[in-house]
Asker: 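Next up is a structure, given as structure tokens.
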Amino acid sequence: MSKILVIHGPNLNLLGEREPGYYGKDSFDSVNAEIIKKAKALGFDCEIFQSNGEGKIIDKLHVARLDCAGVVINAGAYTHYSYAIRDAIAAIKIPVVEVHMSNIHARDEFRHKSVIAPVCAGQIAGFGKNSYLLGLDALKAILDGSDCK
């Protein structure tokens, strides 16, 4: 069974409380339970990690390169300005799928640009908690060698 990592960035620990119009009413724990269930169904051993700190996310990405087949990441606001997370993703040489619960392209203009997208395998946005589940499907397809790139 391949191990994968799902990273939740800043403020995502407040799911269910924070801006439910954008992020839904499901709690952080319930979203994680659905992610783990879906990952198991796809044949993955899934680790979940959340941090509000940029350096901790970078450190976790560095560790993932040694024991994970791939990563699904919602970098939160770091998506739009963290060149350090971008460089970490580029350095680890395993597939990374970027996900967002809200449609970042339909929100504030500063959210329209992702600095991490160019080094990720792809981006999924706007499907609420299902963005994570779709990200898992995409990661599975990539790891199985499908022609999505």
Side-chain angles (χ1 to χ4, degrees), residues 1-61 63-65 67-82 84-86 88-89 92 94-144 146 148-149:
M1 185 176 290
S2 296
K3 181 178 177 185
I4 61 156
L5 174 64
V6 174
I7 296 177
H8 300 284
N11 302 309
L12 290 162
N13 57 304
L14 298 178
L15 289 177
E17 301 173 42
R18 176 184 175 229
E19 299 179 273
Y22 286 118
Y23 303 107
K25 295 181 180 179
D26 292 309
S27 71
F28 181 67
D29 290 338
S30 69
V31 170
N32 285 335
E34 288 191 51
I35 291 169
I36 289 170
K37 180 179 176 183
K38 173 75 172 190
K40 284 184 183 178
L42 292 173
F44 292 133
D45 177 22
C46 180
E47 179 183 353
I48 306 268
F49 176 77
Q50 189 280 327
S51 179
N52 295 317
E54 183 180 31
K56 289 182 181 181
I57 292 169
I58 293 165
D59 290 343
K60 196 67 174 177
L61 285 164
V63 171
R65 82 186 197 288
D67 65 357
C68 292
V71 175
V72 172
I73 186 170
N74 182 342
Y78 290 133
T79 298
H80 314 294
Y81 68 88
S82 179
I85 289 176
R86 180 212 183 278
I89 291 168
I92 63 174
I94 58 175
V96 177
V97 176
E98 175 186 355
V99 301
H100 300 282
M101 296 178 79
S102 67
N103 181 352
I104 62 174
H105 304 287
R107 293 186 64 191
D108 313 281
E109 188 173 332
F110 76 88
R111 296 182 196 275
H112 296 182
K113 174 137 174 88
S114 167
V115 300
I116 68 172
V119 294
C120 289
Q123 180 191 79
I124 298 167
F127 297 99
K129 65 184 176 185
N130 291 314
S131 292
Y132 288 101
L133 308 181
L134 292 166
L136 293 171
D137 284 330
L139 189 57
K140 174 75 171 166
I142 293 163
L143 294 172
D144 285 350
S146 88
C148 68
K149 295 192 183 203

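The model shown is predicted, which means the values in this text are computed figures rather than measured ones. Along the sequence shown, residues carry numbers from 1.
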Asker: Do you know which two heavy atoms are closest between Ile57 and Pro10, and how far apart they sit?
Answerer: CD1-CD, 4.4 Å
Asker: Between His8 and Asn32, does a side chain to side chain contact (heavy atoms under 4.5 Å, CB included) hold up when you go through it step by step?
Answerer: CA-CA 10 Å; His8 300 284; Asn32 285 335; 2.7 Å; yes
Asker: Just do the side chain to side chain contact (heavy atoms under 4.5 Å, CB included) check on Ile142 and Val97 with the steps written out, would you?
Answerer: CA-CA 10 Å; Ile142 293 163; Val97 176; 4.1 Å; yes
Asker: For the pair Asn52 (side chain) and Asn11 (backbone), establish whether a donor and an acceptor sit closer than 3.5 Å, ignoring hydrogens and angles.
Answerer: yes
Asker: If we ignore hydrogens and angles and just use 3.5 Å, is the side chain of Tyr78 paired with the main-chain N or O of Glu54 as donor and acceptor?
Answerer: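 Checking the backbone N and O of Glu54 against the side chain of Tyr78, a donor-acceptor pair under 3.5 Å is found.
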Asker: Measure across Phe28 and Leu12 and return the closest heavy-atom pair with its distance rounded to 0.1 Å.
Answerer: CD1-O, 3.2 Å
Asker: Out of curiosity, Arg65 CZ to Ile94 CD1, how far, rounded to the nearest 0.5 Å?
Answerer: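 Between atom CZ of Arg65 and atom CD1 of Ile94 there are 9.5 Å.
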Asker: In a table with atom names and distances, give each donor-acceptor pair under 3.5 Å that connects a side chain of residues 33-40 to protein atoms at least two apart or in another chain.
Answerer:
residue : atom : partner : partner atom : Å
Glu34   : OE2  : Lys129  : NZ           : 2.8
Lys38   : NZ   : Asp137  : OD1          : 3.0
Lys38   : NZ   : Asp137  : OD2          : 3.3

Asker: Go through it in stages, so that I can follow the logic: the residues are Tyr81 and Lys113, the test is side chain to side chain contact (heavy atoms under 4.5 Å, CB included), and I'd like the CA-CA distance, side-chain angles, deciding distance and then a yes or no.
Answerer: CA-CA 9 Å; Tyr81 68 88; Lys113 174 137 174 88; over 6 Å; no
Asker: Tell me the closest heavy-atom pair linking Leu5 and Cys68, and the distance in Å.
Answerer: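 Nearest heavy atoms, Leu5 then Cys68: CB-SG, 4.0 Å.
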Asker: Work out which heavy atom in Ile58 is nearest to a heavy atom in Ala88; give both atom names and the distance.
Answerer: CG2-CB, 4.0 Å
Asker: Rounded to the nearest 0.5 Å, what separation is found between the CG atom of Leu139 and the CG atom of Leu42?
Answerer: 9.0 Å
Asker: Do side-chain atoms of Glu98 reach the backbone of Ile124 as a donor and acceptor pair under 3.5 angstrom?
Answerer: no
Asker: Determine whether Ser82 and Ile116 make a side-chain contact, defined as any pair of heavy atoms from C-beta on separated by less than 4.5 Å.
Answerer: no
Asker: Is there side-chain contact between Met101 and Leu15, with at least one heavy-atom pair below 4.5 Å?
Answerer: yes
Asker: Dump the intermediate steps for side chain to side chain contact (heavy atoms under 4.5 Å, CB included) on Val99 and Val6, then the final yes or no.
Answerer: CA-CA 10 Å; Val99 301; Val6 174; over 6 Å; no
Asker: Which heavy atom in Gly53 sits nearest to a heavy atom in Ser51, and how many Å separate them?
Answerer: N-OG, 2.9 Å
Asker: Return the OG to NZ distance between Ser30 and Lys25, rounded to the nearest 0.5 Å.
Answerer: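 One finds 13.0 Å between OG of Ser30 and NZ of Lys25.
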Asker: So, do Val71 and Leu61 sit near enough that their side-chain heavy atoms are less than 4.5 Å apart?
Answerer: yes
Asker: Can you measure from CD1 (Ile7) to CD1 (Ile89) and round to the nearest 0.5 angstrom?
Answerer: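 Ile7 CD1 to Ile89 CD1: 7.5 Å, rounded to 0.5 Å.
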Asker: With sequence neighbours left out, which residue pairs that include part of residues 37-61 fulfil the ring-ring contact (aromatic ring centres under 6.0 Å, His included) condition?
Answerer: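 For residues 37-61: none.
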Asker: A side-chain contact here means heavy atoms from C-beta on lying under 4.5 Å apart; do Tyr23 and Glu17 qualify?
Answerer: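 Not touching, per the 4.5 Å side-chain cut-off.
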Asker: Considering all heavy atoms of both residues, which atom of Gly76 and which atom of His100 are nearest to each other, and what is their separation?
Answerer: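 Scanning both residues completely, I find the closest heavy atoms to be O-CE1, 4.4 Å.
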